[in-house]
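Taking it in order: structure first as structure tokens, then the write-up.
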Protein chains: 2
Amino acid sequence: MRRKLITIRDVAEHAGVSVSTVSHVLNGNDHHVGAVKRERVLAAVDKLGYRPNAIARSMVKRKTATVGLVWTEIDNPIFVPVILGIEEVLRPAGYHIVLASAPDVVQEIQAIETLRSQQVDGFIFMSLSICYPFDHLVRLNNEGVPFVVINRCLDESTIPQILWDERGAGYEATQHLLSLGHTRISTISGPIHDSPPRRSAIERHRGWQEALHEHGITVPPEWIQISDYTYEGGYQATQQLLELRAHECGLPSAIFVANDVMAASVLKALYDAGLRVPQDISVTTVGDSPFAAYTVPALTTLSLPVQEAGREAAQILLEGLTHGKSTNAAKITLKCRAQLRESCSPYHTTT
Amino acid sequence: MRRKLITIRDVAEHAGVSVSTVSHVLNGNDHHVGAVKRERVLAAVDKLGYRPNAIARSMVKRKTATVGLVWTEIDNPIFVPVILGIEEVLRPAGYHIVLASAPDVVQEIQAIETLRSQQVDGFIFMSLSICYPFDHLVRLNNEGVPFVVINRCLDESTIPQILWDERGAGYEATQHLLSLGHTRISTISGPIHDSPPRRSAIERHRGWQEALHEHGITVPPEWIQISDYTYEGGYQATQQLLELRAHECGLPSAIFVANDVMAASVLKALYDAGLRVPQDISVTTVGDSPFAAYTVPALTTLSLPVQEAGREAAQILLEGLTHGKSTNAAKITLKCRAQLRESCSPYHTTT
DNA sequence: TTGAAAGCGCTAACAC
DNA sequence: GTGTTAGCGCTTTCAA
């Protein structure tokens, strides 16, 4: 930043005191500084427009008051609320956030390296529920670097992590359908066969399974559509399902769709096929994107406490940042909340 | 980051060379270093797991390779693609991004202060098209700090800025309706009366006006609904419009909705009222959120090149970062692209 | 209460 | 080619 930098020395000179006195005043170590000199310092600071150099300070304090936010795939809208939650708690604590998106593990490792050389004080890792290898995270943890991980399956109890109760979400979404009398309940699942696996997809699917199982219900395999969490995928999966009209197993009376993005396009596919929701077919899903309340019909869904995840993560990190190390490695699972809207109706034989 | 830090001196010692040699090797000033010593240095670096301290380097180079991203309201999904665009160009250039959200001007000024003391090399400001006062930006500019501003109206030609052609978007969206034979074209506008003003809302509205004016069309004032860019707002505005059924001016045959969020709820409101889109009423809008292609019916809209805005901003900033200062303060206006989908049909007297 | 001075880890003259 | 050394701007003993 161009301009001749104004340093603490300039201030000291201007105020006719020593640099250490200036430093003391500026850092609130006022106790041992005379009121007169303090005033003089403050005046000089003001007059000169002095702006302390945080870099220089970081150098000697060996702390930067900065945390690295490593994002496994930034191209996801939930990024925003999560960051919001993180900022909400990190900002007041005086911390800054440095961003680094890292689409894969190699880049993640690379990002960690870079950020560490930047001397960040800690990390938050946010991923798309993908079960990447995490040896590097274990190592990082062993080195005593504070960090917390959001939405990633690491089967490692000494790393603090925030998860959503995906299985519970799938379960409850299905349970809701069951409670309405539906028994012919299909699913359009997320990428449950991906490798590395996608935890959310697998868990939501399992939740659906468990709910059905509890009621002793089995469904024809054709009613299980594996898709990919995208609009296009949801649309196509629905078309697949609709072809069963002519098939012996027939159509389900309800669909559990693994995320709200697909659910939106499921609605569209159903509409395009002339089926009415919820009269002809009910739909539940997971994820409560802002649009979910304004689809036609509005989606009954389980909302992920996204911003809360950011808050929790930051909170735990802060703990580790201040108390030198994460006290008790927490594994927090956040419950999803049901949002009952218009896409479901009680089961009845064809209208 | 705990652990005894390994410094460049340790490496020098281990390799039996001087620190400056190590520094040269590490910074690619290889020309003047013998191959033998270079190897020894590299080996020592590897063996010791040396990680250069970027903070120390920044201190002497007076550069941090970091840019501050100041976000006027982080709670907006377009944040993600914009960041994506920014990272796309800043990352390869070796720059990091420090985040700071600042909901209002006071906090923005504060954020700038903090980031400057953090020694960021430059800034990108991203706002919601709100015409905040910007004296502080002019000052920043005068101090020679490189920065660029996205989506904000500052009537100041020496500050590089990226804008979207909002007026053009409104114009073309309306023009499309006109070309389909519509003349009874209503608008659900954004917050055009806000203070400080919202540029996008005003411009889109003006685009609508201009298109009608060009065709010598005037509309009853009841057909102009001022709303707020939200789902709720869009829904309510539509209900207002629908009350005109009983009114002497009657219903329009088409609506230009100022953003896609409102458009989604307009669709819903119309559906709830038993009106079919596009058979009974056509809808165009601005903004092409991912969901816009999957509403029922899919929205005909003008898409903002969002990621491109991020890219352009970063590109221009990079210019200023490397060439000491922004060469020629650019004001780039990005054109919006029409996405023709299902929400419009040719005008015809009531079906 | 105040100040002098020793670094924090690195780069870049400048000397050899 | 290679090494010595003077800072970058700040905090923090330690003395006075």
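Side chains included, hydrogens not; waters and symmetry mates left out as well; all remaining heavy atoms used. Chain letters run A, B, ... following the sequence lines, proteins first, then strands; residues in each count from 1.
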Identify the heavy atoms of B:I130 and B:C153 that sit nearest to each other, and give their distance. C-SG, 4.2 Å
Less than 4.0 angstrom from a charged side-chain N to a carboxylate O is my criterion; do A:K47 and A:E13 meet it? no
Salt-bridge test for B:R116 and B:E143: reply yes if a basic N is under 4.0 Å from a carboxylate O, no otherwise. yes
Classify every nucleotide of nucleotides 7-16 of chain D by which part a protein heavy atom approaches to under 4.0 Å, writing B for the base, S for the sugar-phosphate alone and - for neither, in 5'-to-3' order. BBBBSB----
Using heavy atoms and a sub-4.0 Å distance, could you list which residues of residues 32-47 of chain B are near DNA chain D? By number, please. B:H32, B:V33, B:G34, B:K37
Checking A:S200 now: which residues fulfil side chain to side chain donor-acceptor pair (under 3.5 Å) with it, not counting sequence neighbours? A:Y229
Without decimals, in angstroms, what is the distance between B:I55 CD1 and C:dC10 P? 11 Å
Donor-acceptor check, side chain of A:D30 to backbone of A:H24, threshold 3.5 angstrom: yes or no? no
Do you know which of B:F79, B:F123, B:F125 makes ring-ring contact (aromatic ring centres under 6.0 Å, His included) with B:W71? B:F79
So, B:T158 versus B:E156: side-chain donor-acceptor pair below 3.5 Å or not? yes
Rounded to the nearest angstrom, tell me the gap between atom NE2 in B:H31 and atom P in D:dG1. 12 Å
For the NE2 atom on A:H32, are there more than 12 heavy atoms of other groups (residues, nucleotides or ligands in this structure) within a distance under 6.0 Å? no
